[in-house]
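Values below: all heavy atoms of this structure, side chains included; hydrogens, waters and symmetry mates excluded. Just so you know, these numbers come straight off a predicted model, no measurement behind them.
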2 protein chains.
Amino acid sequence: MGRIKYDKIYEDLKKKIELEVYGYQQLLPSENNLIKEYTCSRNTLRRAVAQLASIGYVQSLHGKGVCVIYEQHKKPGFMLGDVESFKEASIRNSRENKTEVVHFSELTADEVLSRKTGIPAGTEIYYIQRVRFMDRQALIIDHNYYRKDIVKGLTLEIAENSIYEYIENELNEKVVTTKRIITVEKATEDDFRYLNLQDYNCVAVISNYTYNAEGIMFEYTQSRHRPDYFIFFGQAQRIKNT
Amino acid sequence: MGRIKYDKIYEDLKKKIELEVYGYQQLLPSENNLIKEYTCSRNTLRRAVAQLASIGYVQSLHGKGVCVIYEQHKKPGFMLGDVESFKEASIRNSRENKTEVVHFSELTADEVLSRKTGIPAGTEIYYIQRVRFMDRQALIIDHNYYRKDIVKGLTLEIAENSIYEYIENELNEKVVTTKRIITVEKATEDDFRYLNLQDYNCVAVISNYTYNAEGIMFEYTQSRHRPDYFIFFGQAQRIKNT
DNA sequence: TGGTATTTGTCCGTATGTATC
DNA sequence: GGATACATACGGACAAATACC
């Protein structure tokens, strides 16, 4: 991590903010001072700061300085705002995690599936259903659809571990962009069977469309979450001045 | 809109992608060609392209080009991924909209409220409850908490229209950053009373923390959405290389 | 009220590295 | 190897907002 200069600066500032070296609602040192500290150019520093702003850690105030708006006690428990696998998120939160594959098949996309997933009809795909456990609680059901021509040689063993790891390390495919849609849906029979929904009759649904470094969509995943454990973090800057 | 050079270029490219001048999975013209076309520097162009990538329109492929991954038919019906008011979103989707204020009071934040909203205890605040209609359907209940020392002189009439417009145009406060948390919660009595929930027993909840140009949080809003009309769009790039 | 220094915002030009074809 | 294309990094110039005297 952080082989690149602006990324090192970003990581360093981020850590210092989290450790409250730079506290909430205080200003960072001025650009000129930070440039001296990191011996870098203005652009490089500004890029690092822009990244901090994009994750909601700081906010630039023209003519004044850069203000810290990160609050320690509001730290996300289970954050999904990044492109991050279930395994990665579990590890980051140091929770015990397990994945159980409940369905594994190969099929050809028809018109109906194509409209739902965006994968062209006629494409050969893997269809996998997985239940995700954290601390022995069934929290998520994943429905994964992978293009067979890109994600070659998927097996049940791989699906039980981390498909992301397989894609990135074995196949050397780079996951670059994920588009995401969040909705709330009525719980299905499968949802009731696998998740302990208590008296909830809905689930939180995240639909993911994942693109590789060639710019083609090779995965569609629908993650159905137990509502009481679901939380999603977003962050936005206002740009328009209409 | 678009008084600034990189913003004009961004808007122009965005429009061309939406009009499919540059179609899905095609490459944009190379940086050098676009630089000539817009007579701008490399940095300026790259900044515009970076913005397009951040909204999921394009994806850069090192050594190859910039690939369009925007798909016309998947355009969001009711998108809330930006910092955007209900009124703005309604207009953008050209729907009839109405806001009904069902509660308006002034109070002082106590410990309980402070923990929930992040507003310091002891602060004077406006508390407003509003029901949002679109096409005559009650879709959202908003619980707004505004700091009285910053959002001065709020009235019921303003709340019925758009508080954002008032803040930005009348008070000249700039809304800069919004942090957002999405959860699913059991429906309350109020939810059942105001929204037509049918047999859903949950609502989608968006909690907003809004910061002004001074870097201080002046608004907390909890928006409780009817599940069948709720949709949220996100977008993420993978950065880490661990 | 006004002038000056500080700080961030925009924009440009150039050099070098790295991936693809 | 060579051409093309994107990525990183540096340095400088001017504008705009703010703070201070």
Residue mapping more 5' on DNA chain D - nearest nucleotide basis, A:T39 or B:G65: B:G65
Side-chain (B:R132) to main-chain (B:D142) donor-acceptor, under 3.5 angstrom: no
A:R47 side-chain N/O to D:dA9 phosphate OP1/OP2 under 4.0 Å: no
Closest to side chain of B:H62, choosing from D:dT8, D:dC6, D:dC10: D:dC6
Proximity to the side chain of B:N43 - top-ranked nucleotide from C:dG9, D:dC10, D:dA5: D:dC10
B:I35 CD1 to D:dA7 P, straight-line distance once rounded to whole Å: 12 Å
Below 4.0 Å: OP1/OP2 of D:dA7 and any side-chain N or O of A:K5: no
Length of the CD1-P vector between B:I4 and C:dC12, whole Å: 13 Å
Proximal nucleotide (of C:dC11, D:dC6, C:dT8) relative to the B:V66 side chain: D:dC6
Whole angstrom value for the distance that separates P of D:dA5 from CZ of B:R46: 14 Å
Euclidean distance, atom CD of residue B:Q59 to atom P of C:dT20 [Å, nearest integer]: 13 Å
D:dT8 phosphate, OP1 or OP2, under 4.0 Å from A:T44 side-chain N/O: no
Distance below 4.0 Å between A:S60 side-chain N/O and C:dG9 OP1 or OP2: yes
Polar pair under 3.5 Å, donor/acceptor by atom type, side chain B:R42, base D:dA5: no
Parallel, tilted or perpendicular: rings of A:Y211 and B:Y24 (30°, 60°): perpendicular
Between C:dT18 (C1') and B:E31 (CD): distance, integer Å: 13 Å
Whole angstrom value for the distance that separates P of D:dT4 from NZ of B:K36: 10 Å
Nucleotide D:dT4, atom C1' - distance to CG of B:N32 in whole Å: 9 Å
Residue-phosphate contact under 4.0 Å: B:K64 side-chain N/O, D:dT4 OP1/OP2: no
Side-chain N or O of A:Y6 closer than 4.0 Å to phosphate OP1/OP2 of D:dT8: yes
Side-chain donor-acceptor pair present, B:Y145, B:Q222, cut-off under 3.5 Å: no
Earlier contact from the 5' end, DNA chain D, for A:C40 and B:E214: A:C40
Considering all heavy atoms, the nearest B:I216-A:Q25 contact: CG2-NE2, 3.2 Å
Rounded distance (Å) that lies between atom C1' of C:dC11 and atom OH of B:Y38: 17 Å
B:K14 side chain reached by B:Q51 side chain, heavy atoms, under 4.5 Å: no
